[in-house]
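Notes follow the structure.
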Protein chains: 2
Amino acid sequence: MQDESKRRSNRERSEATRAQLVAAARRLFVDKGYAETGTPEIVAAAGVTRGALYHHFADKQALFRAVVESESRRVAAEIEAAAPRDMPVREALVAGGRAFLDAMREPGRTRLLLLDGPAVLGRGDMDAIDAAIGGMRSLREGLAAAMAARTIRRMPLDAVTLLLSSAYDRAALAVEAGADPDIFMDVLAAFVDGLAAPG
Amino acid sequence: MQDESKRRSNRERSEATRAQLVAAARRLFVDKGYAETGTPEIVAAAGVTRGALYHHFADKQALFRAVVESESRRVAAEIEAAAPRDMPVREALVAGGRAFLDAMREPGRTRLLLLDGPAVLGRGDMDAIDAAIGGMRSLREGLAAAMAARTIRRMPLDAVTLLLSSAYDRAALAVEAGADPDIFMDVLAAFVDGLAAPG
DNA sequence: ATCTTGCATGCATGCAGCCTGTATGTTAAT
DNA sequence: ATTAACATACAGGCTGCATGCATGCAAGAT
């Protein structure tokens, strides 16, 4: 076993420190919320000092943003794994929705992405993150495909995406609060089917 | 002009002080957000001291809750004025939705009720406020009437209410961000019509 | 009816603890 | 030698509480 804690390159050190900070921050932000979590607590959990934190991140909010982006990426990955692009459009929408609700049951995700995220980063920034790397991107693509295939009516794509995405978000919150996922899946499916093209 | 600033009864003093605190807090919470607004700033704007604030409210969060409840009541009042109980059910749903979007254009309401509210008070408390005194109560009643009249299908009422309410919320945010209200009204109407009972 | 007496209410001030962001110092990589 | 990666120390601000004071108020005594 050669010495692995010393003689690290700067790149390695930075990446390790950043990862530890993001991981520790995620745990604490999830457990206590953004406002109630102090940077002294975060750096203690990460095993570094506040100097390291403010070397790698501009401020506490920037660290939070890193946590949110990481989490958003994971949710999107789970959705895309469950609803690949070559799946039939309606089936993909249902499977993607189901995967989203499942992914959001991972503890802390609703708090990070749906409660603290919008309040701390602003709705505009959260929408940008969601549209770029989050689950909303998948939904938008699915709806676009469904419109192209005439599975659902042609409607303003961005507006439909935003509103449906919002309904999915609220369903995730309800499920975490103890509601039955199947009931919400059914209602969400009814929403989508209600947009079906006539004929 | 008789002396009106002195010799106030205790009740009058309390109500005046509370009202000034809530009004000043509302302005500042709207302008800068909950976290960025300090109690020294609030009491200065209200013309009182921090002692008065902590005499009337348990903490900063309790003051925020008072602001949110007041705002929620006003939104609900506007909705009920536009969609009285004796209106035909589908018409009432549309009129109520329109009134909600209009009411939410009052500056600051989206921030108070849709961004800071859930983060500061928690989704559970915000849902409780919304269901008890806010716009969600009207929506729930409208949907219940529509189901009873077979205007829309019979579905789990609470789930439908929650998801539709969430879509309306997101529409309000989009409108405030500059989107065209008519587009979102159309999409929301399509959602409701998609739930129409067959036949 | 008025007066006094005791208590509760409404509020002001000062304090203790904590947190954030920055500036400065130190060690290790390049 | 120069710079990156951190550690430490400091300044300012904020929250919640504890204490102190003045006024309203209720009830009995006169």
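Note that the structure is a prediction, hence the values are computed from the model and not measured. Order of the sequence lines sets the chain letters (A, B, ...), proteins ahead of strands, with each chain counted from 1.
- Closest to the A/Y54 side chain, of the nucleotides D/dA7, C/dT22, C/dA12, is C/dT22.
- If you find the closest nucleotide of DNA chain D to A/R18 and to B/A35, the one lying nearer the 5' end belongs to A/R18.
- Remark: the B/R13 side chain and the D/dG24 base include no donor-acceptor N/O pair separated by less than 3.5 Å.
- Nucleic acid contact class of B/S14 (heavy atoms, under 4.0 Å, all strands): sugar-phosphate only.
- Remark: B/K60 fails to qualify as a cation-pi partner of B/Y54 under the 6.0 Å distance and 45° angle criteria applied to the six-membered ring.
- In this structure, A/H56 does not reach the D/dA5 phosphate: none of its side-chain N or O atoms is under 4.0 Å from OP1 or OP2.
- Rounded to an integer number of Å, the gap from CZ of A/R50 to P of C/dT20 is 6 Å.
- Of all heavy-atom pairs spanning B/R153 and B/M147, the tightest one is O-CG, 3.3 Å.
- Going from atom CZ of A/R11 over to atom C1' of D/dT3 covers 15 Å, rounded to whole Å.
- Nucleotide C/dC19 holds its C1' atom 14 Å from the CD atom of B/E36, rounded to whole Å.
- Closest to the side chain of A/P40, out of C/dC19, D/dT8, D/dG16, is C/dC19.
- Counting to the nearest Å, the P atom of C/dA28 and the CZ atom of A/R8 are 12 Å from each other.
- Look at A/T39 and you'll find a side-chain N or O under 4.0 angstrom from OP1 or OP2 of C/dT20.
- For A/L63 and C/dC19, the CG to P distance is 16 Å, given to the nearest whole Å.
- D/dC6 atom P lies 11 Å from atom CD of A/E15, rounded to whole Å.
- Atom CD in B/E12 sits roughly 18 Å away from atom P in C/dT9 (whole-Å rounding).
- B/Y168 and B/F100 have perpendicular rings, their planes meeting at more than 60° on a 0 to 90° scale where under 30° would count as parallel.
- For C/dA12, neither phosphate oxygen OP1 nor OP2 lies less than 4.0 angstrom from any side-chain nitrogen or oxygen of B/H55.
- For A/M87 against A/A95, the heavy-atom pair with the smallest separation is SD-CB, 4.1 Å.
- Atoms CD (B/Q61) and C1' (D/dG16) sit 13 Å apart, rounded to a whole Å.
- A/T17 has no side-chain polar atom (N or O) that falls below the 4.0 Å cut-off from OP1 or OP2 of D/dA5.
- Each of D/dC6, D/dA7, D/dT15 was ranked by its minimum atom distance to the side chain of B/K60; first place goes to D/dT15.
- Summarising the geometry of A/T49 relative to A/V43, their closest heavy-atom pair is O-CG1, 3.6 Å, with the distance given to 0.1 Å.
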